[in-house]
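Here the structure is laid out as structure tokens; the discussion comes afterwards.
So you know, we letter chains A, B, ... as the sequences are listed, proteins then strands, and number each from 1.
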Amino acid sequence: MTSSLRYKSRIPIKTDESIEEKQYVGFATLPNQVHRKSVKKGFDFTLMVAGESGMGKSTLVNSLFLTDLYKDRKLLNAEERINQTVEIIKHTVDIEEKGVKLKLTIVDTPGFGDAVNNNQCWKPITDYIDQQFEQYFRDESGLNRKNIQDNRVHCCLYFIPPFGHGLRPVDVEFMRALHEKVNVVPLIAKADCLTPNEIKKLKDRIREEIEKFGIKVYQFPECDSDEDEEFKQMDKELKECTPFAVIGSNTVVEARGQRVRGRLYPWGIVEVENQSHCDFVKLRNMLIRSHMHDLKDVTCDVHYENYRAQCIQEMTSKLAQDNRMESPIPILPLSTPDAETEKLIKMKDEELKRMQEMLNKMQQQMHEKDQ
Amino acid sequence: MATTEIDIFANEEKRSLELAGHVGFDSLPDQLVSKAVSQGFCFNILCVGETGIGKSTLINTLFNTTFESDEASHYLQDVHLRPKTYDLQESNVNLKLTIVDTVGFGDQINKDESYKPIVDYIDTQFENFLQEEMKIKRSLHNYHDSRIHICLYFIAPTGHSLKSLDLVTMKKLDSKVNIIPVIAKADTISKSELHKFKIKIMSELVSNGVQIYQFPTEDEAVTEINSTMNAHLPFAVIGSVEQVKVGNKMVRARLYPWGSVQVENESHCDFVKLREMLLRVNIEDLREQTHARHYELYRRCKLEEMGFKDTDPDSQPFSLQQTYETKRKEFLVELQRKEEEMRQMFVNKVKETEAELKEKERELHERFEQLKRMHHDEKRNLEEKRRELEEEMNSFNRRKVAAETLMGQALQSCSQQPFKKDKDKKN
């Protein structure tokens, strides 16, 4: 809501018509035109969720987009999960709100961190992300670029279990493997098992460890100086709250006279959308209402460009290597002779010189003798 | 020994007699109890679970005191076991409590070997007891029994099912120790989810053949309560040492913005049930089971490994002493044989090396002769060449001299002619 309000205030209000009419060109309606066109085109967004089984990923996605994405899920037993490999499953839905269409793709990673030996369990995920980049790169370099399907992952929500004292080795390794390929947003899952003090301690701990291990999580862009105070305040609060401690719920309960999404316990009701209970509202605002486009931009401008540059560099270095190995000799200039032949040449030269000198001497002698 | 005694008595009739008055041996249990109390009791708990799942907090809550422990890090390379012993006293009963904590469990990326340190620790405690039992001079009643009586396995409250690591570890432990699985941090699961979760866990344990500890239902006094409790496994527990004001009392609870979870409230969690079962009703049965079932199993496996058998091929019972003697003789014979073998091998090796060395010496000699001959030949060739060169030089010199003399003569003849002309002119 706030974003659209903000946007509307940008349109200049014609104060003094008589003076302004002469100077009014009319391109101030550009934002309007952009708005119209983008609504017509529709938006797309790809969100990846990663984390161990049982962290509440599916519940959170359902709560975020107020739908039921995972209707008939088959969960594996513990025995089957001992040697499980990570799969990548995509769910695509089309949702619409006030005429704005959104094609939402959720990329699920079942099996991550569930096996007994989790070495390189993030490899299928990084391979998938690279594949999407590669496909986009190929499409972009192709001849017909009208209908490029953008399947690149715009954001990855990583669920950190709240049962520990901070990040675990598998969390660190995963985020480090992905932080240069996708926007990583860490979340503290199932936050209803932590008291407010414990949440604060855990958040500080996690922020410390993220810095210590050099993990580059998604950073909110700085506010422009001409934003209004309310927005700046909101932005500051958002930044101080990371990583978000979230709770999700598939059920609706009755609390304080209203029907809200929440979890019913014998000792109270946890409301998902209550800001004092958890950071779900902040996450939703950030992800959907204010920073969705920024996530897409960072993916296009930073992560994809990095991938593209790397790809091109690899290709050119490979070409150069191939060139050196297979060049035919007469066409190219003489390659530098190696040390041994040079030595031989030198030796032969010297010998020749010596022989020449001797010959000269002998000739002189003969000459003298003749005379 | 026991078997032979029963054989003797089987032929006699056992008669039960009526007592004419009060004899007084009904005080036997009391005598036993007072002796046990004066000796003091010993109880060892092993807590297995991920780092941060609430093991230390639960133990603190169970015993209503704060045992010191540092928070463990997530980045340990291996699983370690940290035993700590405390002396507690309640009324006039002394309890020597040992709490063994698993540090680093579940943190590594590769958890294939995580169960090993735990199994090794349990086996070591059994081994120590076995050694003490088999000593010649032993003092079992003074021995500090460190065998684990109960393993509390902490399951993470994911709400779906057991983790693969949990299943693998419990399978390895179920034949060595009494396991009671508990669901930790249960304040994150709602009632309906909890019900489904418990059913799923128990069905997974049963289908994989994991034997967890069942509370005994033979003793009439406790059969009813135990059988109801068996149906509530695994217990969903919450731990807290903080006091929170609820109503007008201070109780142990966790305070949330949406309410407070009371530890001792039976409708909030199963903590009270766990305490009841663990400490108030079945503690003695746990010790007995450890000794009679798990320890005996270990002892049997160990002794069978060493080659002891209870009955020989003729089904006559073996005495330990006989077996021991035969084993010793066998061992000595084996030792002698091995020594002989080694000596033979040594002698053979020496002979071989000697032969090799001789061969090498001979070769070396031959080569030396060969080289000498070559050297000689070369020298001769060189001499010849020198002589030839000298001859050439000599002939060249001679030719030079001849040429010079010729030139000298030619010059002389040339110079004489102008002389002649001069002479003519003068004349």
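Proximity to chain B is absent for every atom of A:Ala189, based on heavy atoms less than 4.5 angstrom apart. Both the backbone and the side chain of A:Leu167 have a heavy atom closer than 4.5 Å to some heavy atom of chain B. Neither the backbone nor the side chain of B:Gln262 comes within contact range of chain A; no heavy atom of the residue lies under 4.5 Å from a heavy atom of that chain. Within the 4.5 angstrom heavy-atom criterion, only side-chain atoms of B:Lys200, from C-beta onward, approach chain A. With a 4.5 Å cut-off on non-hydrogen atoms, B:Leu162 touches chain A through its backbone and its side chain both. Interface residue B:Asn208: only side-chain heavy atoms are found under 4.5 Å from chain A. For B:Thr51, the parts lying under 4.5 angstrom from a heavy atom of chain A are both the backbone and the side chain. Residue A:Glu271 does not touch chain B at all, counting heavy-atom pairs closer than 4.5 Å. Contact of A:Pro162 with chain B is made through the backbone alone, with heavy-atom distances under 4.5 Å.
Other residues, nucleotides and ligands contribute at most 12 non-hydrogen atoms within 6.0 Å of the NZ atom of A:Lys201. The neighbour count for B:Lys196 NZ, taken as heavy atoms of other residues, nucleotides or ligands under 6.0 Å away, does not exceed 12. Shown here is A:Glu211, whose CD atom has no more than 12 heavy atoms of other residues, nucleotides or ligands within 6.0 Å. Within 6.0 Å of NE2 on B:His195 lie no more than 12 heavy atoms contributed by other residues, nucleotides or ligands. Sparse packing is recorded around CD of B:Glu242, with 12 or fewer heavy atoms of other residues, nucleotides or ligands lying under 6.0 Å away. Heavy-atom neighbours of B:Gln211 CD from other residues, nucleotides or ligands within 6.0 Å: at or below the threshold of 12. Heavy-atom neighbours of A:Asn197 CG from other residues, nucleotides or ligands within 6.0 Å: at or below the threshold of 12.
Between B:Ile189 atom CD1 and A:Cys193 atom SG the span is 10.0 Å, to the nearest 0.5 Å. Note: A:Tyr265 OH to B:Thr188 OG1 = 4.5 Å, rounded to the nearest 0.5 Å.
For the pair B:His74/A:Glu209, no side-chain contact is recorded, criterion being any heavy-atom separation below 4.5 Å from C-beta on. A:Asp114 places none of its side-chain heavy atoms less than 4.5 Å from the side chain of B:Lys163. Residues A:Asn117 and B:Lys111 have side chains not in contact (no heavy-atom distance under 4.5 Å, counting atoms from C-beta outward). With contacts defined as side-chain heavy-atom distances shorter than 4.5 Å, the pair B:Asp187/A:Trp267 qualifies. Under the 4.5 Å side-chain criterion, counting only non-hydrogen atoms from C-beta, B:Trp258 is in contact with A:His277. For the pair A:Pro169 and B:Tyr75, the minimum side-chain heavy-atom distance is below 4.5 Å.
The existence of a salt bridge linking A:Arg168 and B:Glu50 is excluded, since no basic side-chain nitrogen approaches an acidic carboxylate oxygen closer than 4.0 Å.
Options B:Ser267, B:Pro157, B:Gly54 differ in how many heavy-atom pairs under 4.5 Å they form with chain A, and the most are formed by B:Pro157. Among A:Asn274, A:Ile247, A:Asn119, A:Leu264, the residue with the largest count of heavy-atom pairs under 4.5 Å with chain B is A:Asn119. For the options B:Leu165, B:Ile53, B:Asp112, heavy-atom pairs under 4.5 Å to chain A are most numerous at B:Asp112. In terms of non-hydrogen atom pairs under 4.5 Å with chain A, the most contact-rich of B:Ser164, B:Gly52, B:Ala184 is B:Ser164. Note on B:Leu255, B:Leu167, B:Asn265, B:Val261: by heavy-atom pairs under 4.5 Å with chain A, the leading option is B:Val261.
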Tell me, with the steps shown, if A:Phe163 and B:Phe154 meet ring-ring contact (aromatic ring centres under 6.0 Å, His included). CA-CA 12 Å; A:Phe163 311 128; B:Phe154 288 73; over 10 Å; no

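Judged by distance alone, with hydrogens and angles left aside, the side-chain atoms of A:Lys190 form a donor-acceptor pair with the main-chain N or O of B:Thr158 at under 3.5 Å.
In terms of heavy-atom proximity, A:Arg263 sits nearest to B:Ser190 at NH2-N, 3.6 Å.
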